[in-house]
Asks: 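Before I ask anything, let me first share the structure, which is written out below as C-alpha cells.
Keep in mind the model is a prediction, meaning the values are calculated, not measured. Per chain, numbering begins at 1; letters A, B, ... match sequence-line order.
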Amino acid sequence: MSKSLPTRSENYSEWYNELVKRANLAENSAVRGCMVIKPYGYAIWEKMQRALDDMFKETGHTNAYFPLFIPKSFLSKEASHVEGFAKECAVITHYRLKNDPDGAGVVVDPEAKLEEELIVRPTSETVIWNSYKNWVQSHRDLPILINQWANVVRWEMRTRIFLRTAEFLWQEGHTAHATSEEAVAETAQMLEVYAKFAEEWMAMPVVRGRKTPNERFAGADDTLCIEALMQDGKALQAGTSHFLGQNFAKAFDVKFQDKSGNLEYVWGTSWGVSTRLMGALIMAHSDDQGLVLPPRLAPIQVVIVPIYKGEEQLNAIYDRLLPLIKELKSHGVSVKFDDDDSARPGWKFAEYELKGVPVRIAVGARDLENNQVEVARRDTKTKETVSLDGIYDYLLALLDDIQANIYNKALKFRQENIFEVNTWEEFTRQIEEGGFLSAHWDGTSETEEKIKELTKATIRCIPLDFKEEAGVCVYSGRPSSGRVLFAKAY
RNA sequence: CGGGGUGUAGCGUAGCCCGGUCAUCGCGUCUGCUUUGGGAGCAGAAGGUCGCAAGUUCGAAUCUUGCCACCCCGACCA
C-alpha cells in the first residue's frame, strides 16, 4: 500500500474510491454493484440513523416494517410510478433450486415458478399503501405517520460505492393525511428535518428546493429536495420529500369517512435519505490526507496516542489519563486510548488522520512531567500544548469548534461556488468549472432537456427562497420570472 | 446496456507482443533483537489454483473463445 492518497486535484474520483477503501468504510463485494459496509463505515451510518431516528420520533413518527417483496401487480397500479421504476427492478420468478441432473451444482427448479412474480422493492409506496387501505376507514385513523429503515434494490447500470449501488440502505417515511394542507405541511416539515440533519450533524450546508416536473419522484405531485455541493463542484441530492397528492390513495383505493360522513381519498407523503449520505459526508469535507469527520458523526471523537518506552511508562500515561477518559465517556464522548504496541506513534498519527478522527491527543513522559498533552485537530491540522488541568472542558469546546469550523468551511466553499449567470456564453463556460449556476429559466421542460443535452447540467432545484425577478431565460431568451439552480450532479 | 481498459501473494506491481528454470520487485505479515515526540532499523522466514472455465500445444501467466469482477467514457438513476 502506498502511503499517500491520490490527490483531489489529480483525480477526484480515484481519490474518493481510494479513501473509501483505505479508511475502511466499505468495499466492493462479489455481487455486482453491491457493497460491503465495513464496521468503521457502518458506525458512521449508525450515528446518522440514531440522529435521524430521534428527529423522526420527535416529529411524531413511529417505525414499522414492510416486506422486501412486492407483487408485480402492485407496482403497475400507479401509472407514473411503474414507469419510473420498471427499468431497474430485480424480479423473483422462482422459489426453489434443485441439484443439476448433469451434476453442475444447483439450478433453478423450473417446476417452482411463481404464479405471480415478485419485485424486490425499489421503494415501498405500493406495498405500504396496500396496507393503508386496510388501516384507514375514518378520519380518526388519520394521520398515519410511519417510517421504516430498510434496504432497497435498484438495478443500476453504473454503480459507485455509497453514491449509487444496486442495493442500498435507507429510511422511507410514508404518511397519510385527511387533508391536502396537512400532507403539504408534512412534506415541508420533513424536508426541514433533513436540512437540519445535514447542517447540524453532517456540517454540510444544503439548498432547500423544489424539483422541476422532469426531476420529480415517479408518482408524486411535488418533490422537495436538499442539494449539497461537493468539493469537485458537482451537486449531490442528499434527501427528498414528496407530496404524493391522492395518487397512491386512488391507486390503492384508500378512502376515509370525514366528519360530515363523506368518503374522501387520503393524502400522502413519502420521504427518504440513504447511505448515499455517506458519500456526501466524505466528499463534502475530506482532504488529501484522508477523511475529515464532523465530531457529531465520528465513531471515535478523541484518540489518545501514548508515546512511551516500556510498559512502565505506558501504564504511567494510562493511569494519569484514566480520569479524563472516564469523564469523557460518561458524557458521551467516544474516546480511544491506543495502546497498540505494534504500531509506532507516527504511523498512528497518519492512520487516524486517514480515518478522520477529529481530535488526537499525544502524550509522553515529557508531557506528564509538565502536566500537559499535545492536542491536534484534524480539520485544521494544527497542534497545541494544553495543560491537563481543565482539559475536559477544553476538549468539549474544541469538538464544538471543529463541528462549527467544518460547517463554515463548507458554507464558504458553497457561497464561493454559486454563480449568477445571465448569458448562454457565461453558462456554458461556468458549467465546465463546476458549482451551482443561478440562472433564469423559461419554465419549460423542453428548455431544461435541451440544456441537459448540451451541457450535462440539470436543474437541481427551484430554491424555496426563490425570488420573483423578471428576466430572460439563459438558453431560450424567453421571459422568466426567477432564477433556478443548475449544476452537474452525482 | 454500448465503447475502451484492467485482473499475477493481504496490497501495489514486473513478465504477456516474441509460448519453454519467469513466477519479479516493493509494502505488509511472521520470528528475534534494537526502537517508539510524524508512516522505524537490522537479520531471518512464510506466503501464489497467475480472475474463472474451456480450447490450441509436447508444453500456457503468456495464444484463442466464453464467463465474472472492477475502472474510465456514454445512456439511466437517489
Side-chain angles (χ1 to χ4, degrees), chain A residues 1-6 11-14 16-18 21-22 27-35 83-89 104 122-123 152-172 194 211 214-218 220 223 225-228 235-242 270-280 289-290 305-311 313-314 317 338-354 360-368 370 372-374 376 381 383 385 452-453 456 458 460 489-490:
Chain A
M1 190 195 288
S2 73
K3 282 176 184 172
S4 55
L5 283 170
N11 188 337
Y12 194 84
S13 59
E14 201 185 324
Y16 173 82
N17 290 336
E18 279 295 307
K21 262 187 253 171
R22 292 208 209 163
E27 61 190 25
N28 285 307
S29 71
V31 185
R32 181 192 197 95
C34 296
M35 64 181 160
E83 198 190 319
F85 286 106
K87 295 180 299 266
E88 48 187 16
C89 284
T123 179
V152 287
V153 168
R154 295 180 189 175
W155 213 262
E156 298 291 346
M157 290 300 134
R158 201 170 153 191
T159 59
R160 285 196 72 189
I161 218 157
F162 287 127
L163 297 172
R164 182 170 298 106
T165 45
E167 179 194 17
F168 56 92
L169 306 185
W170 76 346
Q171 59 67 217
E172 44 181 329
Y194 289 154
K211 288 295 184 189
N214 264 357
E215 301 274 330
R216 202 176 273 162
F217 174 75
T223 289
C225 61
I226 52 171
E227 292 282 330
L236 186 142
Q237 177 177 305
T240 48
S241 183
H242 314 291
S270 67
W271 28 273
V273 295
S274 71
T275 37
R276 181 177 233 213
L277 289 179
M278 293 286 295
Q289 275 66 52
V305 179
I307 296 155
Y308 59 97
K309 291 178 189 170
E311 208 168 318
Q313 281 193 4
L314 175 62
I317 292 168
D338 187 351
D339 60 356
D340 180 1
D341 193 41
S342 66
R344 263 141 303 282
W347 190 89
K348 291 178 182 176
F349 293 173
E351 186 66 11
Y352 290 116
E353 277 164 16
L354 179 64
R360 181 188 74 227
I361 296 175
V363 51
R366 227 160 54 205
D367 294 310
L368 292 190
N370 298 320
Q372 66 185 32
V373 294
E374 179 195 82
K381 297 210 274 298
K383 297 181 209 174
T385 301
K452 182 177 179 185
E453 185 191 321
K456 312 275 178 243
T458 48
R460 298 321 305 156
Y490 277 100

Asks: Is A:Arg344 near enough to B:A40 that one of its side-chain N or O atoms lies under 4.0 angstrom from OP1 or OP2?
Replies: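 So the side chain of A:Arg344 is within the cut-off, an N or O lying under 4.0 Å from OP1 or OP2 of B:A40.
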Asks: Roughly how many Å apart are B:G7 and B:G15, using the C1' atom of each and rounding to a whole number?
Replies: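 Going atom to atom, C1' in each nucleotide, I get 15 Å.
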Asks: Tell me: CG of A:Asp338 to C1' of B:G38, nearest whole Å?
Replies: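 So the two atoms are 15 Å apart, to the nearest Å.
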Asks: Base of B:G37, side chain of A:Lys348 - is there a donor-acceptor contact under 3.5 Å?
Replies: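 Counting by modelled atom types and ignoring angles, no donor-acceptor contact under 3.5 Å is found here.
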Asks: With rounding to the closest Å, how many angstrom separate the C1' atoms on B:C52 and B:C70?
Replies: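 Approximately 15 Å lies between the C1' atom of B:C52 and that of B:C70.
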Asks: What's the closest nucleotide to the A:Lys309 side chain, out of B:U36, B:G39, B:G37?
Replies: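 Ranking B:U36, B:G39, B:G37 by closest atom to the A:Lys309 side chain puts B:U36 first.
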Asks: Dot-bracket, 5' to 3', for RNA chain B please: Watson-Crick or G-U pairs under 3.5 Å, [ ] where pairs cross earlier ones, | where the partner sits on another strand, dots elsewhere.
Replies: ((((((((.[[[..)....(....]]].((((((.....)))))).....[[[[[..)....]]]]])))))))....
Asks: What interatomic distance, in whole Å, is found between P of B:U56 and the corresponding atom of B:C76?
Replies: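 Approximately 45 Å lies between the P atom of B:C76 and that of B:U56.
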Asks: Sticking with atom C1', work out how far B:A54 lies from B:G4, rounded to a whole angstrom.
Replies: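 Taking atom C1' in both B:A54 and B:G4, they lie 26 Å apart.
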Asks: Just to be sure I understand the rule, does A:Leu236 reach a base, reach only the sugar-phosphate, or reach nothing, if contact means heavy atoms closer than 4.0 Å?
Replies: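 Answer is nothing: A:Leu236 stays at 4.0 Å or more from every strand.
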Asks: Report the distance from atom CH2 of A:Trp155 to atom P of B:A78, rounded to the nearest whole Å.
Replies: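 Roughly 18 Å, once rounded to whole Å.
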Asks: Assign A:Phe168 to base, sugar-phosphate, or nothing according to its heavy-atom contacts below 4.0 angstrom with the strands shown.
Replies: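 The residue A:Phe168 makes base contact.
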Asks: Apply side-chain contact (heavy atoms from CB on, under 4.5 Å) to A:Ala280 and list each qualifying residue two or more places apart in sequence or on a separate chain.
Replies: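 A:Ala280: side-chain contact (heavy atoms from CB on, under 4.5 Å) contacts with A:Met202, A:Met204, A:Met230, A:Leu236.
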Asks: I'd like a table of atom pairs between the protein and nucleotides 70-75 of chain B - only N or O on both sides, under 3.5 Å - with the distance next to each one.
Replies:
unit_1, atom_1, unit_2, atom_2, d
B:C70, OP1, A:Gly33, N, 3.2
B:C72, OP1, A:Ser13, OG, 3.3
B:C73, OP2, A:Arg158, NH2, 2.5
B:G74, N7, A:Arg158, NH1, 3.4
B:A75, OP1, A:Lys456, NZ, 3.2

Asks: Evaluate whether atom NZ of A:Lys381 has more than 12 neighbouring non-hydrogen atoms of other residues, nucleotides or ligands under 6.0 angstrom away.
Replies: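 Yes - once you tally the heavy atoms of other residues, nucleotides and ligands closer than 6.0 Å, there are more than 12.
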Asks: Side-chain N or O of A:Lys87 versus OP1/OP2 of B:C76: is the shortest distance under 4.0 Å?
Replies: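 For B:C76, neither OP1 nor OP2 has a side-chain N or O of A:Lys87 closer than 4.0 Å.
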Asks: Under 4.0 Å, heavy atoms only, any strand: does A:Glu353 hit a base, just the sugar-phosphate, or nothing?
Replies: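 Base: the residue A:Glu353, judged by heavy atoms under 4.0 Å, touches a nucleobase.
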Asks: Base, sugar-phosphate or nothing for A:Thr165? Non-hydrogen atoms, less than 4.0 Å.
Replies: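 Result for A:Thr165 = base.
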Asks: Could you tell me whether A:Glu18 and A:Lys21 make a salt bridge, using a distance below 4.0 angstrom between a side-chain N and a carboxylate O?
Replies: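 Salt bridge flag = yes for A:Lys21 with A:Glu18.
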Asks: Starting at CD1 of A:Ile307 and ending at P of B:U36, how long is that distance when rounded to a whole Å?
Replies: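 So the CD1-P distance, A:Ile307 to B:U36, works out to 11 Å.
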Asks: Which nucleotide sits closest to the side chain of A:Arg154: B:C76, B:G39, B:A78?
Replies: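 It is B:A78.
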Asks: Assign A:Ala365 to base, sugar-phosphate, or nothing according to its heavy-atom contacts below 4.0 angstrom with the strands shown.
Replies: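 A:Ala365: base contact, heavy atoms under 4.0 Å.
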Asks: So A:Gln237, base contact, sugar-phosphate only, or nothing? Heavy-atom distance under 4.0 Å.
Replies: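 Here A:Gln237 touches the backbone only, sparing every base.
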Asks: What is the distance, to the nearest angstrom, from the CG atom on A:Asp341 to the P atom on B:G32?
Replies: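 Going from CG in A:Asp341 over to P in B:G32 covers 13 Å.
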Asks: So what does A:Ser274 touch, heavy atoms closer than 4.0 Å: a base, only the sugar-phosphate, or nothing?
Replies: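 If one applies the 4.0 Å heavy-atom cut-off, A:Ser274 turns out to touch a base.
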Asks: Using every non-hydrogen atom in the two residues, find where A:Ile307 and A:Ile317 come nearest and quote the distance to one decimal.
Replies: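 Shortest heavy-atom separation between A:Ile307 and A:Ile317 comes out as O-CD1, 3.5 Å.
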Asks: Is the terminal nitrogen or CZ of A:Arg360 (NZ for Lys, CZ for Arg) located under 6.0 angstrom from the six-membered ring centre of A:Phe349 and within 45° of that ring's axis?
Replies: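 Yes - A:Arg360 lies over the ring of A:Phe349, closer than 6.0 Å to its centre and within 45° of its axis.
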Asks: Using whole Å, report how far CZ of A:Arg360 lies from P of B:G39.
Replies: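 Going from A:Arg360 (CZ) to B:G39 (P), I get 12 Å.
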